[in-house]
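The first residue of the sequence shown is numbered 1, and numbering continues consecutively from there. Each ligand, and each atom within it, is numbered from 1 in the order the structure gives.
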Amino acid sequence: MLEKRRYGAGLPTYPFLAACLTAAVCLFLWRLSSCPVPQATRLVAPSYLLLLPGNASSLPPPYPMHKLGPGDRTTLIDVKDFAFQLNNFPCNGSSSLLLLVLVHSAPGNVEKRRTIRETWGRGPHRVLFLLGAVESPAMQAALEEENRVHRDLVQGRFLDSYRNMTYKHVMALKWTAYYCPGARYLLKTDDDVFVNSPALLDFLAQDLSPWGARRLILCEPFSFAYVKRSYRSKWRVSPLEYPGRMYPAYCAGWAVLYSPDVVFLLYREAQRTKYFWIDDVHVTGTLAARANLTQTSLGSLVLSREQVQFLVGPRDNGSEIGSFLFGSPNLSLSDIHRLWQLVQERRPAS
Ligand SMILES: *[C@@H]1O[C@H](CO)[C@@H](O)[C@H](O)[C@H]1NC(C)=O
Ligand SMILES: *[C@@H]1O[C@H](CO)[C@@H](O)[C@H](O)[C@H]1NC(C)=O
Ligand SMILES: *[C@@H]1O[C@H](CO)[C@@H](O)[C@H](O)[C@H]1NC(C)=O
Ligand SMILES: *[C@@H]1O[C@H](CO)[C@@H](O)[C@H](O)[C@H]1NC(C)=O
Ligand SMILES: *[C@@H]1O[C@H](CO)[C@@H](O)[C@H](O)[C@H]1NC(C)=O
Ligand SMILES: *[C@@H]1O[C@H](CO)[C@@H](O)[C@H](O)[C@H]1NC(C)=O
């Protein structure tokens with residue numbers, strides 16, 4: 001089996017061999033029957049650390065910017081003349097911010113951005129929308145006008161297109177490292193997601209730590225995903241683009257929470273790793289593995305599509321809604337408005 005060969009290459013120690021055999025046997029049994037799904041996140045015990053006021057300052061700073069190359073500022077992976085065409089600095093002047101949210105948005109998604117500003121974007125967290133360059137001068141003028149009013153667009157010098165999404169994700173890491181190093185947590189999300197921001201802020205301050213964390217990648221992880229080779233797949237990847245048969249464990253890209261040290265480690269790794277266009281696989285999988293980081297599962301903090309449809313649908317019975325953090329992707333504008341109304345009406349008192 002592929003996994004066995006991969007994990008078995010150049011075995012250094014017997015405990016390692018034992019762990020490999022266990023994993024291989026478990027994988028084998030799981031395929032045959034109902035052994036619990038082996039989650040990569042469970043194989044490596046506590047993968048993140050929470051900070052207390054006492055030990056935040058005794059740790060190495062999360063952003064050792066001097067470790068980046070001299071041309072780093074104007075480089076984005078293989079783009080050597082990178083610059084921000086639109087930029088904002090909402091973090092300047094405050095040394096601590098609990099949550100920074102960077103939202104992948106497409107230039108044309110004006111209504112989605114408006115909806116987020118009117119709903120979950122409000123609050124003590126900061127929300128910025130990430131865009132690539134556009135070819136139409138009229139579109140650029142509209143974006144500049146939108147930014148003049150709202151001051152919340154960040155646009156990078158790469159063409160905004162589907163296969164350029166990895167530039168956008170790495171730009172999120174870059175922007176955070178250069179312009180918002182005081183943020184305790186970074187959430188990378190998309191413009192068709194519902195973020196229960198009041199519950200998320202409580203979760204960060206109470207269930208995690210208001211002083212921040214280290215080595216944290218909190219998301220919905222996927223393990224043992226095969227690389228799609230079929231020409232009919234939207235996600236088809238050629239062996240030249242990605243030679244392996246399977247991806248490393250990676251996160252669903254629509255809601256990923258990073259701690260600052262992870263932002264830096266992934267960013268530095270991205271700057272010296274060959275471009276691969278599936279951004280969640282590349283950043284939260286390949287780069288995370290290279291930086292020796294593991295993903296932690298959000299588990300039941302995510303509402304499934306069915307749960308969202310129940311809540312926004314006609315059969316909703318008014319029962320209290322739990323403290324979920326994210327609603328599944330591809331939501332309509334009215335779904336997002338409705339969910340925002342619901343979480344405000346029915347938030348369990350804290
Ligand atoms: C900070 O201190 C707490 C309690 O002593 C400990 O559990 C935690 O691992 C420490 N964090 C780091 C990053 O050292
Ligand atoms: C904010 O800080 C960054 C560097 O940290 C600087 O480049 C930028 O000019 C500042 N912007 C404002 C408006 O203060
Ligand atoms: C982005 O995508 C377009 C086509 O979709 C391509 O022509 C361009 O070179 C890509 N890269 C950058 C950095 O813009
Ligand atoms: C990877 O991280 C773990 C702890 O998360 C550590 O024990 C191990 O030594 C690290 N390995 C490398 C190669 O850095
Ligand atoms: C409302 O519907 C949910 C989901 O079907 C169910 O779990 C809950 O018990 C219902 N509550 C009431 C008061 O009927
Ligand atoms: C997203 O939702 C729209 C309708 O709201 C639907 O047409 C489309 O197929 C959905 N896309 C995915 C990937 O689910």
Side-chain angles (χ1 to χ4, degrees), residues 61-97 99-102 104-109 125-137 139-140 143-144 146-184 186 190 212 231 233-238 240-242 253 260-261 263-264 267-283 286-287:
Y63 293 103
M65 300 299 278
H66 62 276
K67 291 190 178 167
L68 301 171
D72 184 81
R73 185 179 284 273
T74 53
T75 302
L76 189 71
I77 315 175
D78 51 9
V79 178
K80 300 303 177 196
D81 58 348
F82 179 79
F84 290 101
Q85 299 183 171
L86 291 176
N87 207 350
N88 286 287
F89 307 100
C91 304
N92 286 22
S94 70
S95 58
S96 72
L97 169 70
L99 177 63
L100 169 68
V101 184
L102 297 179
H104 274 206
S105 188
N109 290 353
H125 51 302
R126 295 277 174 286
V127 178
L128 292 170
F129 299 95
L130 304 184
L131 309 168
V134 296
E135 283 168 324
S136 143
M139 170 72 95
Q140 183 62 24
L143 291 174
E144 284 171 17
E146 181 183 343
N147 185 53
R148 196 186 59 73
V149 174
H150 297 288
R151 296 259 156 243
D152 60 3
L153 304 185
V154 171
Q155 183 183 42
R157 193 185 288 165
F158 58 87
L159 193 66
D160 199 299
S161 74
Y162 202 62
R163 292 207 158 218
N164 288 351
M165 207 70 92
T166 294
Y167 291 113
K168 202 175 272 188
H169 201 144
V170 175
M171 180 171 83
L173 305 174
K174 183 186 192 80
W175 192 88
T176 307
Y178 277 92
Y179 301 115
C180 204
R184 305 280 199 244
L186 166 66
D190 295 340
Y231 282 90
S233 172
K234 176 186 174 191
W235 304 105
R236 175 177 195 272
V237 162
S238 74
L240 262 178
E241 291 173 315
Y242 193 98
D261 58 323
V263 170
F264 182 84
Y267 173 66
R268 186 174 60 165
E269 219 47 61
Q271 291 289 67
R272 57 193 184 198
T273 305
K274 182 171 170 267
Y275 189 88
F276 178 64
W277 62 276
I278 304 183
D279 72 295
D280 43 12
V281 167
H282 188 66
V283 177
T286 306
L287 300 179

Give every pair formed by an N or O atom of ligand 2 and a protein N or O atom closer than 3.5 Å, one pair per line with both atom names and the distance to 0.1 Å, or write none.
from     : atom 1 : to  : atom 2 : distance (Å)
ligand 2 : 2 (O)  : N92 : OD1    : 3.1
ligand 2 : 2 (O)  : N92 : ND2    : 2.5
ligand 2 : 11 (N) : N92 : ND2    : 2.9
ligand 2 : 14 (O) : N92 : ND2    : 2.9

*Looking at ligand 3, does any of its N/O atoms fall within less than 3.5 Å of an N/O of L159?*
yes

*Only one of Q271, R268, K67 passes side chain to side chain donor-acceptor pair (under 3.5 Å) with D72; say which it is.*
Q271

*asked:* So F158 and V170, do their side chains get closer than 4.5 Å, heavy atoms only?
replied: no

*Taking the six-membered ring for Trp, are the ring centroids of F84 and Y179 within less than 6.0 Å of each other?*
yes

*asked:* Using a 4.0 Å cut-off to any heavy atom of V79, which atoms of ligand 3 qualify?
replied: 13 (C)

*What atoms of ligand 3 come closer than 4.0 angstrom to any heavy atom of F158?*
13 (C), 14 (O)

_Donor-acceptor under 3.5 Å (N147 side chain, D152 main chain)_ = yes

*Compute the ring centroids of Y63 and Y178, then answer whether they are less than 6.0 Å apart.*
no

_Could you work out, with side chain to side chain donor-acceptor pair (under 3.5 Å) as the rule, every residue matching H169, not counting sequence neighbours?_
Y258, D279

*asked:* Geometry only, no angles: is Y167 polar-contacting ligand 3 at N/O separations under 3.5 Å?
replied: no

_Pairing of K168 and D160 as salt bridge, 4.0 angstrom limit_ = yes

_Looking at D81, is its backbone amide N or carbonyl O close enough to the side chain of R157 to form a donor-acceptor pair, meaning the two atoms are under 3.5 Å apart?_
yes

